Amino acid sequence: MALVSAQISDQEVLELELGHCLRLPVEGPCECDLYLTCAKFVTTPAYGRRLRARRKVEHALATDAANHGWAREVERYRCTVGRIEKLLTDLGQPLEEPTDTLEENRLDLST
């Protein structure tokens, strides 16, 4: 697949929770944020933290649905987790929130 560079004005880009929708207003309402699979949905590494947070929420929802015996909901949430994981991987982002282990392991020598 070839990458194409295009100039797009800010008025034509709809910012979403996890990225942007490149759908033109004349194309109708955006559904990118609902499905994360729309061809007009794009995201960047700047959304990494939001994607990781959403992944945690979807995991929690899948667990809750499993506890209620809602198999179809479990499948839906797990598919969303899989899509978010693919986006993070494609962006070269970690799946878990990076932690600063040096700060966590620093000894308090002030006493």
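The figures that follow rest on heavy atoms only: side chains count, while hydrogens, waters and symmetry mates do not. Because the structure is a prediction, the values reported are computed rather than measured.
- V57 and I84 are not part of a single hydrophobic cluster, where members link through side-chain heavy atoms under 4.5 Å apart.
- Taking every heavy atom of both residues into account, V74 and A66 meet most closely at CG2-N, 3.3 Å.
- The closest side-chain heavy-atom distance from Y47 to Q93 is not below 4.5 Å.
- Shortest non-hydrogen contact noted between F41 and L18 is CZ-O, 3.6 Å.
- Nearest heavy atom pair, residue L88 against residue G48, reads CD2-O, 3.9 Å.
- Looking at every heavy atom in both residues, E15 comes nearest to H20 through CA-CD2, 3.8 Å.
- Within the 4.5 Å cutoff, side-chain heavy atoms of L95 are placed close to those of T89.
- Remark: the backbone N or O of P29 is paired with a side-chain donor or acceptor of R23 at under 3.5 angstrom.
- With sequence neighbours left out, the side chain to side chain donor-acceptor pair (under 3.5 Å) criterion links R83 to no other residue.
- Contact check for L91 versus L51: side-chain heavy atoms found under the 4.5 Å cut-off.
- Salt bridge annotation for K40-E27: present, with a cationic side-chain nitrogen under 4.0 angstrom from a carboxylate oxygen.
- Residues E17 and R54 share a closest heavy-atom pair of OE1-NH1, 3.0 Å.
- A continuous path of hydrophobic side-chain contacts links L36 to L16 [ILVMFWY only; heavy atoms under 4.5 Å].
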- prompt: Where do K56 and E96 land on the side chain to side chain contact (heavy atoms under 4.5 Å, CB included) test, with the steps shown first?
  reply: CA-CA 9 Å; K56 284 183 180 181; E96 299 294 331; 4.3 Å; yes

message: Checking E58 against R55 for the salt bridge (Lys or Arg N to Asp or Glu O under 4.0 Å) test, could you report, in this order, the C-alpha distance in whole Å, the side-chain angles of both residues, the deciding distance, and whether it holds?
response: CA-CA 5 Å; E58 297 294 325; R55 180 177 169 267; over 6 Å; no

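- Ion pairing of R78 with E75 is absent here, as no side-chain N (NZ or NE/NH1/NH2) approaches a carboxylate O to less than 4.0 Å.
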